[in-house]
There are 2 protein chains.
Amino acid sequence: MLYGNVGMNLYSRSRQGWPQRVVIFDHSEIGGLNLMENYAVRLTAKIESLTAQAREALAKVTIVRHFERGEHMLSPGEVCRGSYWIQRGIARKYYVNDDREVTTEFFFDDDLAISLQSYALQTAGTEYIQALTPLVVQFTPYPAFQELKIRHPELLELDLMMTEYYAMWLEERLFQFHTMDATERYAWLLNREPHVVQQIALTHIASYLGVSLETLSRIRARR
Amino acid sequence: MLYGNVGMNLYSRSRQGWPQRVVIFDHSEIGGLNLMENYAVRLTAKIESLTAQAREALAKVTIVRHFERGEHMLSPGEVCRGSYWIQRGIARKYYVNDDREVTTEFFFDDDLAISLQSYALQTAGTEYIQALTPLVVQFTPYPAFQELKIRHPELLELDLMMTEYYAMWLEERLFQFHTMDATERYAWLLNREPHVVQQIALTHIASYLGVSLETLSRIRARR
DNA sequence: CACATCATTTGACATAAGTCAAATTCGGTC
DNA sequence: GACCGAATTTGACTTATGTCAAATGATGTG
């Protein structure tokens, strides 16, 4: 993880290298970091600035849970009843469309896993969250967190920042689909998040990139 | 707009018809509304439940501004210094990638226009927001709104809900790019937001759908 | 170490979409 | 109503990607 241990962190996506060409989201650099990294720094700073009371209160309602490789933390028809902070391991979020799995997100150490619509609305969702390795997560129940947000407005601010961060991450993903072909999206992933390619099965990566397994193989063969 | 005049509303995207096939995001219906509409209802209820003090305070810092057709409310290199609630007219958000305009969002009455990264970080951004018709907007400066969020926590809650709504909308857009071909994305737009196709130039629609103008023409010819 | 199963790659062919150029249509102005 | 410029459509050709099937490589188990 990029910013060291700070307890609860979110989307610690680091920059490992440059894509083939300069892209939109790297235009405004501040202190050598792109916007996502810049925001992650702010997020980390926000977490570090939480009062001891807020930290304690949060720790009190958070429980450690374990999941086996292949196990689902969430399945369609279920309500996402809390947030899963990945203490150790790898997970992915996906849904099934036309009998096909569509992987939407990978989670590594210090990432926060939720299914947004189910979580925010507390209604049955349509997504899976699955452990790709044995997992240790810190689970914070939604009702308890809502309570804490009332008593500690700094947690409401943190929640807003995390949601903003997720929205920016979605904008970046949308940018990839909107402007890049399959080869470019793979190059972006390889440069920006090589750990994904190193640790995740190609089946899931192809699904995440929106290409068939065969096409991904051909792209990889051309490098 | 779908839910009538409630002052500040956000992303009043209504369901006008069904796409060719049932899609992921319509699975969990509540009271006949899909999730986006469900959330819009909650958002509207939240706005309506604002105290008179919060409303007044918000109105006091909000100013009406006019823009001409073609005029830019925001350009790359500028900071998005506040939010623009569209009182009347149409606008679009876009950026330029490889000498090409990529339209990312259309705004109609009661939509709230911001460039998220520039707005949230108050740093120079990379996006344009342009009036497609003569516009009347209610502009709320960022610093003033931050102040109000401190004095009125209900506005911080509202801000979180709006950001969640935007993230869900991004998830739905991502779903379109991730799982549909060009024809399906056009069909989705035609069914779900026919007003877009009725009132916006095909150049912008093609850009928004991630297809060339020629391809959009061919798709339209096949219907 | 052998074997079976799963993951990945490769071959062949079809379709979707992009690009470039030209033609047609539409809208605004005089 | 004519004219001009912009918007849109159409034709021809190229490239990217998907699909189906078969082959190869990797991993796990006995």
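Being a predicted model, the structure only gives us computed values, none of them experimental. Every chain is numbered from 1 and lettered A, B, ... according to where its sequence line falls, protein lines coming before strand lines. Atoms considered below: every heavy atom in the structure, side chains included; atoms not considered: hydrogens, waters and symmetry mates.
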[X] [atom1] - [N] [atom2] separation (whole Å):
{"X": "A/Ile219", "N": "D/dT15", "atom1": "CD1", "atom2": "P", "value": "17 Å"}
{"X": "A/Leu213", "N": "C/dT10", "atom1": "CG", "atom2": "P", "value": "12 Å"}
{"X": "B/Ile200", "N": "D/dA6", "atom1": "CD1", "atom2": "P", "value": "20 Å"}
{"X": "B/Glu214", "N": "D/dG11", "atom1": "CD", "atom2": "P", "value": "14 Å"}
{"X": "B/Glu184", "N": "C/dA17", "atom1": "CD", "atom2": "C1'", "value": "14 Å"}
{"X": "B/Leu209", "N": "C/dG18", "atom1": "CG", "atom2": "C1'", "value": "15 Å"}
{"X": "B/His204", "N": "D/dT8", "atom1": "NE2", "atom2": "C1'", "value": "14 Å"}
{"X": "A/Asp181", "N": "D/dT15", "atom1": "CG", "atom2": "P", "value": "14 Å"}

>> Could you tell me if A/Arg65 sits above the aromatic ring of A/Phe139, with its cationic atom closer than 6.0 Å to the ring centre and no more than 45 degrees from the axis?
In response: yes
> On DNA chain D, nearest-nucleotide positions of B/Leu216 versus A/Arg222: which is more 5'?
Replying inline: B/Leu216
Looking for any heavy atom pair under 4.0 Å, which part of the strands does [X] touch: base, sugar-phosphate only, or nothing?
{"X": "B/Arg69", "result": "nothing"}
{"X": "B/Arg218", "result": "base"}
{"X": "A/Arg185", "result": "nothing"}

> Considering residues, nucleotides and ligands other than B/Gln198, do more than 12 of their heavy atoms fall under 6.0 Å from its CD?
Replying inline: yes
> What is the distance from atom CD1 of A/Ile114 to atom CD of A/Glu127, rounded to the nearest 0.5 Å?
Replying inline: 9.5 Å
>> Regarding B/Tyr186 and B/Arg220, do their side chains bring together a donor and an acceptor under 3.5 Å, going by distance alone?
In response: yes
Please pick, from [options], the nucleotide with the shortest atom-to-atom distance to any side-chain atom of [X].
{"X": "B/Thr203", "options": "D/dT8, C/dT8, D/dT17", "result": "D/dT8"}
{"X": "B/Leu202", "options": "D/dT19, C/dT8, D/dT9", "result": "D/dT9"}
{"X": "B/Ala201", "options": "D/dT8, D/dT10, D/dT19", "result": "D/dT8"}

>> Below the 4.0 Å mark, does D/dA16 have OP1 or OP2 next to a side-chain nitrogen or oxygen of A/Thr215?
In response: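 No.
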>> Below the 4.0 Å mark, does C/dT8 have OP1 or OP2 next to a side-chain nitrogen or oxygen of A/Arg220?
In response: no
> So B/Tyr128 and B/Tyr94, would you call those rings parallel, tilted or perpendicular, with 30° and 60° as cut-offs?
Replying inline: parallel
